[in-house]
Amino acid sequence: MDLDRELNPEQKAAVLHPQGPLLILAGAGSGKTRVITYRIAHLVGERGVPPGNILAVTFTNKAAREMRERVERLLGAEAPSWISTFHAFGARLLRRHAELLGYSRDFLIYDEDDARRLGREVTKAMGLDPQQYPVEELLAQVERAKRNLKGPGEGGIRFGPASAFYARYQERLRKNDALDFSDLIRLSCKLLCDFPAVLSEYQRRFEHVLVDEFQDTDPAQYRLLRLLCPPEANLCVVGDDDQSIYSWRGAEVRHILGFAQDYPGCRVVKLEQNYRSTPQVLETASRVIAGNRERHEKTLWTGAPAGAPVELYALSDERAEGELAVRLALSRRERGEKLSGLAVLYRTNAQSRAFEEAFRVFGVPYLVVGGVRFFDRAEIRDAVAYLRLLQNPKSDVDLLRVINVPPRGIGDTTRERLSEIAARHGCQIFESLTEERLSGLRRPEREKALSFAALLRALRDECQNKSAVECVRRVLEKTGYLKMLESSESEQAQGRYENLQELASAAQEFATLSGDPSLAAFLEHVSLLTDLDGARGEAEAVTLMTLHSAKGLEFDEVLLAGLEEGLLPHRRSLKEDEDGTRRGALEEERRLCYVGMTRARKRLVLSYAWQRAVFGRVEMNPPSRFLDLLPGGVRRVGGMEEPAEDEEAFEELSDDDGVFLDAEDEPPPPEPTRGRARPSAATPGRVRPKTDRDGQNWIGRFVAHDTFGRGLVRAACQTRLGLKLTVDFEDAGEKTILADYVKRL
DNA sequence: TCGGGCGACATTTTT
DNA sequence: TGTCGCCCGA
Ligand SMILES: Nc1ncnc2c1ncn2[C@@H]1O[C@H](COP(=O)(O)OP(=O)(O)OP(=O)(O)O)[C@@H](O)[C@H]1O
């Protein structure tokens with residue numbers, strides 16, 4: 001590790017900073033994460049700090065893993081094990097001391113869906129009208145309170161029933177021996193506050209604490225840090241206020257901007273050289289972010305030679321955006337560059353669809369990050385629920401989920417009765433599954449419930465001290481889950497079956513990677529997992545993800561798509577805030593845009609579409625206001641005026657990279673597993689103008705209209721209002737009508 | 001009890 | 001456009 005060669009003087013100073021708090025407030029691509037990584041390596045390698053005495057916090061599990069890998073490479077030895085997200089850290093801490101807070105060390109971690117199920121139980125028990133008090137709303141209140149470290153009955157709740165709901169919900173969580181996500185932080189704080197001995201143990205242990213992406217910490221997380229790190233502690237925080245994009249989740253920039261007040265002795269280091277991007281990319285991003293008023297001005301320059309100009313494409317619709325992405329991918333391939341060097345970034349997950357379709361049609365391998373996670377699939381959740389019951393049969397949420405999967409003749413009514421019986425005995429459902437406690441049930445129901453309890457007990461015995469993989473296998477076998485799928489006629493059963501096999505592989509893979517084959521370890525991993533984790537850099541595929549997921553990453557080439565009013569900035573950020581809490585939402589959208597642009601190393605392509613299908617309706621939106629500040633050097637492709645009937649944009653487009661597109665004749669390959677790259681086989685061809693194609697798809701087809709009824713499409717043409725159809729209605733005769741108002745049959 | 005069918009509803013962003 | 005919840009008939 002040669003610090004002089006690999007770091008600039010400021011970075012080096014930060015890495016060498018001897019002791020006391022350290023704040024690095026610096027712009028995108030200035031090497032903040034690099035500094036943290038090097039500093040950890042330096043502390044361990046040069047200063048002899050025991051790895052176990054270093055705590056490093058990252059924003060995602062993936063970032064944590066990458067940091068660990070990099071430190072290991074620098075060090076040539078094992079990295080500190082306390083490199084994780086706040087949540088993973090909290091889980092680990094609580095696991096060790098759970099008894100102090102009234103939980104067992106085998107507590108479960110409930111995710112949003114589990115929490116919702118539990119919440120529904122609570123509202124039902126409270127007799128709250130779900131119309132008037134939606135569970136999601138109540139849980140949002142609870143989460144907000146928890147983020148502000150308010151326990152039940154400690155305020156932080158806005159409206160009446162939510163407060164009582166919080167208390168009962170929390171009580172139920174405890175009885176289930178489970179924590180929800182925000183409890184991981186809140187209870188960690190509580191643990192350290194209420195038990196000074198524990199606090200001082202960890203204060204002593206963590207000689208050094210380092211936090212990446214500090215601009216996105218919420219009050220509970222910051223509190224946790226402040227507990228661990230008294231004012232003179234070796235706390236190193238790193239961030240960029242221009243990249244604060246999680247205020248909607250409770251993150252507060254003032255933590256970073258006010259850091260010097262809370263840690264008065266802190267050293268402040270500024271990093272001003274950007275090592276990631278070309279001058280063009282940097283200039284563009286800087287101009288755009290300069291549109292914000294509430295920000296810390298930062299200088300950012302680059303010594304890199306000029307690269308390709310930033311491009312801005314005006315396109316007709318989202319399908320054209322998809323084709324643009326395909327074109328970028330194919331020309332990378334022609335140049336012999338890896339597809340993994342290209343990322344498509346967008347504001348909302350829903351936008352991925354158009355890109356996926358285009359990539360599928362043209363056989364370009366791609367990887368979608370986020371959206372529906374593997375572990376959110378119903379069959380996987382069912383299997384995981386069984387696994388969790390092995391570890392903790394008190395989890396009513398899991399028990400109720402699977403007691404009738406596969407169908408065992410235990411329906412809603414019986415389940416409700418079981419809940420009541422357990423409540424009456426003041427115990428959990430599993431504990432009430434005995435002959436005498438169920439005596440109130442009719443014979444057949446009682447038998448079924450008891451045999452389920454027997455099944456669980458047998459499984460528990462059998463899986464005692466077995467590896468996670470083994471548990472998965474046995475659960476799937478003994479519960480009859482696989483048999484249920486095998487005998488199912490339905491189309492989806494096959495896919496589900498494969499997904500469950502995949503779960504076993506995942507358990508195996510995790511065991512190998514982590515070196516811990518236990519069920520407990522696997523379950524914890526699964527609970528904290530996000531979809532980002534599936535996406536390892538090695539896949540030779542284009543990456544598709546939201547701007548939020550892209551934070552901290554970098555790609556040679558970035559397509560930032562959907563730069564339209566209403567999308568970026570998102571329309572919900574444009575609405576005047578009713579309660580004053582979302583002020584500055586627009587500035588956050590701009591920061592999001594900045595984050596996206598600054599992911600690009602060499603080439604940045606921006607695009608917007610004049611019209612976009614949303615829920616099947618067609619929407620038209622003007623280009624994003626963020627484009628107003630683009631510098632002059634941006635190369636604009638496609639008419640800046642809304643294209644009326646002309647196809648200018650397309651002609652220009654298809655000439656562009658010298659790559660021509662055409663769909664393959666054979667039908668597209670079967671639906672890929674999300675998050676999996678697929679092999680590809682694209683054939684060069686020619687792009688048909690989009691407008692024409694739309695028409696082709698309609699002509700000769702039957703459509704239905706609310707008042708005119710059924711009819712045959714005779715002709716179609718693209719107008720500025722959308723696609724206009726000439727339809728021969730069976731009853732009403734020939735009409736000219738916008739495609740928006742009819743349904744294809 | 002269970003499955004299919006149908007209508008309502010929804011899209012910000014995620015640890 | 002797709003999912004989820006609800007209702008109904010078997
Ligand atoms: N001194 C340096 N010499 C060479 N490359 C560097 C140097 N500092 C940083 N880099 C490179 O610049 C890129 C950006 O660094 P890094 O990701 O650490 O920046 P960052 O400030 O964390 O970025 P962001 O805030 O945008 O996520 C990385 O590829 C990194 O390897």
Side-chain angles (χ1 to χ4, degrees), chain A residues 57-64 84-91 109-113 115-116 120 130-131 134-136 143 146-147 179-186 213 216-218 220-221 244-251 318 345-354 356-357 369-373 376-378 403-416 442 444-445 448 488-490 527-533 545-551 562 566-575 582 585 588-589 591-593 595-596 612-619 743-744:
Chain A
V57 182
T58 60
F59 200 70
T60 62
N61 296 300
K62 185 183 178 213
S84 66
T85 61
F86 271 111
H87 291 86
F89 169 70
I109 300 167
Y110 280 178
D111 70 11
E112 207 178 315
D113 184 69
R116 202 177 316 123
R120 251 196 283 275
Q131 296 292 315
V135 197
E136 289 78 9
E143 207 185 310
K146 288 185 174 181
R147 274 201 312 261
L179 307 186
D180 66 14
F181 242 72
S182 19
D183 274 345
L184 292 174
I185 312 297
R186 181 182 70 97
E213 309 282 10
D216 280 320
T217 48
D218 68 30
Q221 293 166 339
S244 146
I245 53 177
Y246 281 93
S247 77
W248 53 272
R249 206 172 76 182
E318 78 280 357
L345 307 182
Y346 37 77
R347 177 66 233 265
T348 66
N349 280 309
Q351 286 170 262
S352 75
R353 177 165 308 135
E356 292 186 66
E357 264 161 30
V369 175
V372 190
R373 303 185 335 226
D376 281 342
R377 291 159 205 257
I403 193 169
N404 201 33
V405 191
R408 298 188 178 93
I410 303 175
D412 289 346
T413 331
T414 312
R415 282 198 292 252
E416 221 148 278
R442 281 185 310 171
E445 277 78 39
K448 290 179 215 162
S488 163
E489 312 274 290
S490 95
S527 307
L528 297 173
L529 201 67
T530 62
D531 192 64
L532 276 172
D533 298 280
M545 65 178 142
T546 63
L547 290 164
H548 284 89
S549 308
K551 190 170 72 157
L567 204 49
L568 185 64
H570 197 276
R571 56 176 51 78
R572 294 189 58 155
S573 70
L574 298 173
K575 276 211 292 259
R582 303 282 297 142
E588 183 148 315
E589 296 289 305
R591 291 195 291 271
L592 214 36
C593 187
V595 167
R612 181 176 292 279
V614 46
F615 303 143
R617 286 253 160 275
V618 175
E619 252 180 28
K743 251 216 284 286
R744 266 197 248 198

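Here is the naming used below: chain letters follow the sequence lines, and residue numbers restart at 1 for every chain. Everything numeric in this text was worked out from a predicted model, so none of it was measured.
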ask   = Can you tell me how far P of B:dT15 sits from OH of A:Tyr110, to the nearest Å?
value = 21 Å
ask   = Taking only side-chain nitrogens and oxygens of A:Thr414, does any of them come within less than 4.0 Å of OP1 or OP2 of B:dT1?
value = yes
message = Within the 3.5 Å criterion, strictly below it, is a donor on A:Ser182 or A:Glu143 matched to an acceptor on the partner's side chain?
response = no
request  = By nearest nucleotide on DNA chain B, pick out whichever of A:Phe59 and A:Asn404 is the more 5' one.
outcome  = A:Asn404
inquiry  = Measuring to OP1 and OP2 of B:dT15, would you say a side-chain N or O of A:Asn61 lies under 4.0 angstrom away?
reply    = no
request  = State which of C:dG5, B:dT14, B:dG3 makes the closest approach to the side chain of A:Arg120.
outcome  = C:dG5
Phosphate-side-chain proximity, A:Ser549 and B:dT14, N/O vs OP1/OP2 below 4.0 Å = yes
ask   = B:dT14 phosphate, OP1 or OP2: any side-chain N/O from A:Thr60 under 4.0 angstrom?
value = no
request  = Say whether A:Gln351 and A:Thr348, considering side chains only, have a donor N or O and an acceptor N or O under 3.5 Å apart.
outcome  = yes
task = Could you check whether A:Phe181 and the base of B:dT15 form a stacked pair, meaning centres closer than 5.5 Å and planes differing by less than 30°?
result = no
inquiry  = Quick check against the 3.5 Å criterion: does A:His548 have a side-chain atom that pairs as donor or acceptor with the backbone of A:Ile245?
reply    = yes
ask   = What distance, rounded to whole Å, do you find between the two P atoms, one in C:dC4 and one in B:dT13?
value = 15 Å
ask   = Looking at B:dG3, B:dT1, B:dT11, which one has an atom nearest to any side-chain atom of A:Thr413?
value = B:dT1
ask   = In terms of side-chain heavy atoms of A:Glu112, which of B:dT15, B:dT11, B:dT13 is nearest?
value = B:dT15
